[in-house]
Amino acid sequence: MSGPVLALVGATGAVGTVMIDIMDGRASVPWSEIRLIASARSAGKKLTVRGEELTVVALSPEAFDGVDIAMFDVPDEVSAEWAPIAASRGAVAVDNSGAFRMDPEVPLVVPEVNADQISNRPKGIIANPNCTTLSMMAALGALHREFELKELVVSSYQAASGGGQAAIDRLYAELEALAGKEVGVRVGDVREVLDAAGLPVSDSPFPAPLVQNVIPWAGSLKDDGWTSEELKVRNESRKILGIPDLKVSATCVRVPVVTTHSLAVHAVFAREVTVEAAHKILAAQPTIVLVDDPAELKFPTPVDTVGEDPTFVGRVRQALDFPNTLDFFVCGDNLRKGAALNTYEIAEGLAERL
């Protein structure tokens with residue numbers, strides 16, 4: 001029997017490129033056909049997937065004919081229009097945008113946590129979480145199953161690539177502008193150098209210089225001073241973990257790192273928890289790498305995580321003044337596991353169920 005037909009929408013984009021690399025490295029599903037779809041301006045391009053040269057076709061309703069699973073790595077507005085069209089043509093759409101994440105009829109899936117929800121798709125659409133939330137889900141899901149998570153306080157340290165290619169380009173431009181210059185002695189020094197280099201903050205995707213800086217802001221302004229990224233952490237954590245009343249507070253910070261989001265997590269549980277028990281649980285998870293040896297100063301950092309499939313967890317501590325509580329630090333490649341890999345793992349799970 002031939003395998004299912006897989007389509008990748010947004011094949012020529014940043015996440016699409018990572019997705020192709022993942023497909024090349026994972027042969028668990030014998031797709032009978034892989035179809036690459038992108039905008040009309042990218043149609044006709046040649047890309048090699050699993051050793052076969054494929055031609056990118058233009059996004060259209062007919063592009064989904066015969067497709068079993070369609071992965072979407074495109075902006076929200078494109079997914080909002082085209083994922084339902086793909087579903088209407090018989091495909092299951094696995095969407096990496098934010099268009100459907102909080103739709104009550106669309107499951108929000110992290111296979112390590114709630115793979116059972118892959119079969120619950122009344123609209124023919126499955127959503128992939130935000131990369132910030134996703135970075136901590138494998139760890140939190142495993143700990144929740146054992147100790148019952150009740151409260152969550154998170155501080156994220158988000159890479160520039162979370163803001164797209166324009167944000168990456170801006171960070172590189174700022175780094176180049178400051179190379180070899182002594183700055184930071186006076187207030188405004190960095191801004192003055194960037195202004196002189198033709199890089200005023202008014203032209204930046206960030207609200208402040210990112211080079212030699214951290215910015216306590218990611219996303220757009222929402223009610224009561226919260227940002228969209230912070231509310232995603234709250235709302236998506238509740239939905240993925242199946243805890244609608246989970247207490248969550250998040251502060252999202254942009255840092256001058258190109259790729260890999262990091263999070264400092266303060267998790268409160270209903271049952272007693274110890275570092276030793278947490279270590280045992282985390283070390284047993286196939287998609288987690290536990291790096292936690294404080295005596296040897298071994299812990300996760302973005303430079304050791306970028307390009308890797310697992311999430312890396314360390315600095316696991318029992319909070320001194322709070323019962324039933326763990327603090328830990330987690331790093332995850334936001335372009336790989338945070339976007340492309342989780343989407344593809346959902347598609348693998350779907351292939352098993354078709």
Side-chain angles (χ1 to χ4, degrees), residues 12-18 21 75 130-136 154-222 225-230 232-233 250-265 291 294 296-308 311-312 314-315 329-340:
T12 59
V15 178
T17 302
V18 176
D21 179 63
N130 174 267
C131 52
T132 308
T133 308
L134 185 50
S135 295
M136 61 181 176
V154 179
S155 293
S156 71
Y157 307 91
Q158 296 179 216
S161 56
Q165 189 60 48
I168 297 172
D169 293 343
R170 175 71 189 201
L171 176 56
Y172 279 132
E174 290 186 357
L175 287 166
E176 184 177 355
L178 265 67
K181 293 182 172 63
E182 294 184 10
V183 295
V185 177
R186 298 182 298 109
V187 173
D189 269 3
V190 171
R191 292 179 185 268
E192 290 174 8
V193 172
L194 295 180
D195 286 345
L199 296 168
V201 169
S202 59
D203 293 339
S204 173
F206 307 115
L210 187 57
V211 67
Q212 292 199 6
N213 205 14
V214 296
I215 304 172
W217 190 269
S220 57
L221 177 62
K222 298 299 180 181
W226 296 98
T227 72
S228 56
E229 287 286 308
E230 290 159 351
K232 287 175 187 177
V233 171
T251 300
C252 291
V253 180
R254 193 72 72 182
V255 297
V257 170
V258 175
T259 306
T260 292
H261 289 348
S262 304
L263 299 93
V265 179
V291 184
E296 296 295 327
L297 298 180
K298 292 183 178 180
F299 35 73
T301 68
V303 296
D304 299 313
T305 306
V306 64
E308 298 291 331
T311 51
F312 288 62
R315 296 298 321 279
F329 193 73
V330 58
C331 294
D333 185 321
N334 55 298
L335 297 182
R336 198 166 179 89
K337 175 57 177 174

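FYI, side chains are in, hydrogens and waters are out, and symmetry mates aren't considered; it's all heavy atoms of this structure.
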Q) Can you name the salt bridge (charged side-chain N to carboxylate O under 4.0 Å, His left out) partners of Asp21, sequence neighbours left out? A)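 If we apply the salt bridge (charged side-chain N to carboxylate O under 4.0 Å, His left out) test to Asp21, skipping adjacent residues, the hits are Arg336.
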Report yes or no: does [X] contribute a side-chain atom to a donor-acceptor pair with the main-chain N or O of [Y] at less than 3.5 Å?
X      : Y      : value
Thr311 : Gly332 : no
Ser156 : Leu263 : no
Asp333 : Thr260 : no
Trp217 : Gly219 : yes
Arg254 : Ala159 : yes

So do the side chains of [X] and [Y] get within less than 4.5 Å of each other, counting heavy atoms only?
X      : Y      : answer
Ser155 : Val253 : no
Phe329 : Ser262 : yes
Ser135 : Lys337 : no
Val154 : Met136 : yes

Taking side chain to side chain donor-acceptor pair (under 3.5 Å) as the test, write out the residues that go with [X], two or more places apart.
X      : result
Thr259 : none
Gln165 : Asp169
Thr251 : none
Thr305 : none

Could you tell me which non-hydrogen atom of [X] sits nearest to which non-hydrogen atom of [Y], and how far apart they are?
X      : Y      : result
Ala218 : Gln158 : CB-NE2, 3.9 Å
Gly225 : Leu221 : CA-CD1, 4.0 Å
Phe206 : Ala167 : CZ-CB, 3.5 Å
Ala339 : Val15  : CB-CG1, 3.9 Å

Q | Identified side-chain contact (heavy atoms from CB on, under 4.5 Å) partner of Pro209 from the options Asp189, Ile215, Leu194, Leu199 | A |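 The side-chain contact (heavy atoms from CB on, under 4.5 Å) with Pro209 is passed solely by Leu194 among Asp189, Ile215, Leu194, Leu199.
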For residues 171-178, which side-chain donor-acceptor pairs fall under 3.5 Å, sequence neighbours excluded?
residue, atom, partner, partner atom, Å
Glu174, OE1, Leu210, N, 2.9
Glu174, OE1, Val211, N, 2.9
Glu174, OE2, Arg170, NE, 2.8
Glu174, OE2, Arg170, NH2, 3.3

